[in-house]
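Notes to accompany the following structure.
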Amino acid sequence: MAIPTSFRKAHYGRIDRRGDGRIACEGDTLIDILSPKPRSSVQARILDVGEASLKLSLPFSVSPGSLLRIHMTESTACGEVRYCTAEGAEYYVGVKIDEVTPKSN
C-alpha cells in the first residue's frame, strides 16, 4: 500500500533527488488552494519550473499534501505541495504538477 503524501517525511539536505531538471524563471501568478484549507486568488511568484514541477514563492505557509490550482496565461495546472520552507518573509513551495489544462477562449 502506498504511503499518503501527508505522511511522507520532508527531505533535508543538499542532495537533489528530482528526476527532472529545473529552469529558473520569474513570473507572477494566481493560485487557488483547493484543500485542506481552501483560499482563492492568492498572489504567488513562480521561481523555477521543471517538466512536472515548479517552485513558488508565497507570503504564507502551505502544508505539504495541499492541492493547488495554478492559473497561467494559456493554461491551468493542478498539483500537490511537496514541501514548504521559510525563506525570510516568504515561503518557498515545491509543487508536483499532476495535470495541465489549456484555457478555452
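Everything numeric in this text was worked out from a predicted model, so none of it was measured.
To the nearest 0.5 Å, atom CD1 of residue I46 and atom NZ of residue K55 are 13.0 Å apart. In this structure, the separation between CG on D98 and SG on C78 is 8.0 Å, given to the nearest 0.5 Å. Note that the CG atom of L58 and the CD1 atom of I33 stand 6.5 Å from one another [nearest 0.5 Å]. Within the model, atoms NE2 of H71 and OG of S40 stand 7.5 Å from one another, a figure rounded to the nearest 0.5 Å.
In terms of heavy-atom proximity, P36 sits nearest to S66 at CD-OG, 3.2 Å. In this structure, R39 and V42 approach most closely via the heavy-atom pair CB-CG2, 4.0 Å. Looking at every heavy atom in both residues, D28 comes nearest to Q43 through CB-NE2, 3.6 Å. Summarising the geometry of K103 relative to M72, their closest heavy-atom pair is NZ-O, 2.7 Å, with the distance given to 0.1 Å. Between F60 and Y91, the closest heavy-atom pair is C-CD1, 3.3 Å. Shown here for I31 and A44, the closest heavy-atom pair between the two residues is CG2-CB, 4.2 Å.
Using a 4.5 Å heavy-atom cutoff, the side chains of I97 and I70 are in contact. Looking at L47 and E26, their side chains come closer than 4.5 Å, going by heavy atoms from C-beta outward. The shortest distance between side-chain heavy atoms of C84 and S63 does not fall below 4.5 Å.
No side-chain donor-acceptor contact under 3.5 Å links K37 to the backbone of V62. In this structure, the side chain of D32 engages the main chain of S41 through a donor-acceptor pair within 3.5 Å.
A continuous path of ILVMFWY side-chain contacts below 4.5 Å connects V81 to V49, so both sit in one hydrophobic cluster. Following chains of ILVMFWY side-chain contacts shorter than 4.5 Å, one can reach V100 starting from V95, so the two form part of one hydrophobic cluster.
Remark: E87 CD is packed, more than 12 non-hydrogen atoms of other residues, nucleotides or ligands lying under 6.0 Å away.
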